[in-house]
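A quick write-up on the structure given underneath.
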Amino acid sequence: MSQLSRYLPPFSSDYSGICSSLFDLDGMVVIHDAHCCSMNYVNMDEPRWYGNKKPIFSSGLREIDAIMGDDDKLIRKIIKAYHELNPEFIAILGSPVPTIVGADMAGIAQELENKLEIPVFGFSSTGLRYYNRGISETMIKLTKRYAQEGSKVNKSVNILGLNALDFSDSNNAEDIREVLKSAGWKVSCSFMMGCSIAEIINSPRAAVNVVVSQSGMDLAEYMERTWGIPYVAFTPMGLNDNKMIFSIIEKAFREGKSRVIRSDDLYDGEILIIGEQLIANSIREVLASHYGVKGVTVGCLFGKDKRLATDFDIDLKSELQIARKLKENKYTVVIGDPLLKALVDKSQARLFSLPHVAVSSKLYWHQYPTFVGDEMENFISAAFKASKK
């Protein structure tokens, strides 16, 4: 019963993260499901879907197919669709039923690749993990398949972890690219919004990786091990921190050392930020460095990454755990998705709404703030003032 939710819906799953990551590429995506998982993605988890036509299909899995394990039927369907669409690659995704019956997504992908002689990716997504794991897995698979080492390009960066489930279909992706360009950095590849296979091929030539969400951390460490590219983990926020970020990126480039941007002397205090871990960390950093607020805790909704966390950050695994944390601690301000309101209202805190597609879906995805610029600066300032009342 501890996992029962009264106010919060199920969060976006790994197959939605994979689909979202592949959205801008010229590929064909097939979810091995009975239509429900694919419909969940296109209707609930993809802000860019409306007004676009992308080849994302359901296999139309039926009970008899699951019982008999008829992989040949799936393969025939995919081959037929391939000849009609001629995509650059194919991706086959799992869902809960194939997981239960033990469908071999990698084996099916290999058989298709042998027949069609194009790249085919098999993802063992389950629908039981969060979207960030799907995004991370996708970026690594694409990089391992396509990336080619070459001469380093001076003053160039890759952006890792840029995705519509964390940043929505607003100007955030372009703003992050532009703020880096304005500081004299060339963006080689922005994984996975607004990128192409050609950019992925050239991504090992970047001098530094800028990680903007938790989903980019595994790829950052892989690229550091493989090609010696250092990373800086921080999401550009507001106005004031941008110069500091540029100086740290420059330092990482010169010294070849990676860094997670985080102030010292932080403690569990008056503000709780609930949501995506790295975005929450970055809001905390603005509060600490420019407003002197060190008492800020990050509540991680999608798993706590120890590489990004302080000792007192929390892995919030259930609605009950969120409610207990709010009751036990005297937070004055909570920053998080609007659907948290019912829980926050039972505490002494005030909620500052920060919509998140992976939590509240289409309810608020058109109300996303602009992360870079006055809007987020004013948002953080208002939260700071409320915490002092």
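Bear in mind the structure is a predicted one, so any value in this text is a computation, not a measurement.
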Could you pull out the closest heavy-atom pair between [X] and [Y], with the gap in Å?
X    : Y    : answer
L339 : L8   : O-CD2, 3.8 Å
C19  : I31  : SG-CD1, 3.7 Å
L22  : T138 : CD2-CG2, 3.6 Å

- Could you name each residue pair satisfying salt bridge (Lys or Arg N to Asp or Glu O under 4.0 Å) that touches residues 293-309, not counting sequence neighbours?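 Only D218-R307, E221-R307, D305-R307 qualify under salt bridge (Lys or Arg N to Asp or Glu O under 4.0 Å).
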
- Query: Looking at Y15, F121, Y41, which one forms a side-chain contact (heavy atoms from CB on, under 4.5 Å) with L93?
  - Reply: Y15

Looking only at side chains, do [X] and [Y] share a donor and an acceptor under 3.5 Å apart?
X    : Y    : result
S16  : D45  : yes
K362 : Y50  : yes
T310 : D313 : yes
N202 : Y146 : no
Q348 : T332 : no

- Got a salt bridge between R177 and E199, using NZ or NE/NH1/NH2 to carboxylate O under 4.0 Å?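 E199 and R177: not salt-bridged.
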
- Look at the rings of F302 and Y130 and say which category their plane angle falls in: under 30° parallel, 30 to 60° tilted, over 60° perpendicular.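 Correct class here is perpendicular.
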
- Centroid-centroid under 6.0 Å between F371 and F167 rings: yes

